[in-house]
Amino acid sequence: MRKILLLNGPNLNRLGKREPAIYGSKTLKDLENRIIELGAESQLEVICFQSNHEGELIDKLHEAEDTGVDGIIFNPGAFTHYSYAIRDAIAGINCPVIEVHISNVYEREAFRHKSVIAPVSKGQIAGLGLIGYELALEAFKREEKGEE
Ligand code: DQA
């Protein structure tokens with residue numbers, strides 16, 4: 001069975017409570033359950049992990065490669081904008097990452113306009129709410145089928 005890792009970074013454990021006008025009212029559990037369910041429909045095992053700690057996210061990226069994960073859906077939270085360590089971890093694994101942001105980072109503060117993750121990612125989805133994670137999963141599903 002092919003495996004997808006759903007990885008969420010700092011403060012995303014607070015979804016539903018945290019700035020709901022920006023991030024919505026659904027919780028991380030709601031999101032994870034949805035992606036697990038959508039994965040199962042296509043025989044994809046979805047593994048979920050969230051951490052507020054940079055090193056734990058890096059360990060998970062390494063582990064993903066070592067355990068044969070086929071694709072990673074990753075919202076690195078604020079690390080997106082400055083973590084060269086996470087950037088290097090992604091560059092150093094042979095596992096495609098799709099970067100997801102719930103909010104439209106480009107219409108927000110200037111510091112959010114830069115992603116150090118985007119250049120080492122397969123693609124980026126921003127501003128579509130939690131649907132962005134579903135679209136990332138869809139991209140992996142369609143790629144698997146060889147669709148363009
Ligand atoms: C975010 C955008 C980041 O700028 C912010 O620090 C987050 C969430 C998003 O999903 O929109 O924590 O990645």
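Numbering of ligands and ligand atoms starts at 1, following listing order.
- Only the side chain of V105 comes within 4.0 Å of ligand 1, judged by heavy-atom distances.
- If you chain together hydrophobic residues whose side chains sit under 4.5 Å apart, L7 and L15 never meet in one group.
- Remark: minimum distance from atom 9 (C) of ligand 1 to any protein heavy atom is reached at I102 N, 3.3 Å.
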Output, in order, the C-alpha distance, side-chain angles, deciding distance and verdict of side chain to side chain contact (heavy atoms under 4.5 Å, CB included) for L61 and I72. CA-CA 8 Å; L61 289 163; I72 303 172; 3.8 Å; yes
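- Ranking protein heavy atoms by distance to atom 12 (O) of ligand 1, first place goes to R18 NH2, 2.9 Å.
- Of the candidates H81, R87, H101, P76 forms a side-chain contact (heavy atoms from CB on, under 4.5 Å) with just one, namely H101.
- The option from R112, H81, H101, E99 that lies nearest to atom 1 (C) of ligand 1, judged by heavy atoms, is H101.
- With hydrogens and angles disregarded, a donor-acceptor distance shorter than 3.5 Å links the side chain of N52 to the backbone of N11.
- Comparing S103, A78, G127 by heavy-atom distance to atom 11 (O) of ligand 1, the nearest is S103.
- Judged by distance alone, the side chains of T80 and E99 never bring a donor and an acceptor atom under 3.5 Å apart.
- The protein non-hydrogen atom at the shortest distance from atom 8 (C) of ligand 1 is Y23 OH, 3.5 Å.
- The shell of residues lying under 4.0 angstrom from ligand 1, judged by heavy atoms, excludes H113.
- The shortest separation from a heavy atom of N75 to ligand 1 is under 4.0 Å, placing the residue in contact.
- When all heavy atoms are compared, the tightest approach of F49 to E32 is N-OE2, 4.4 Å.
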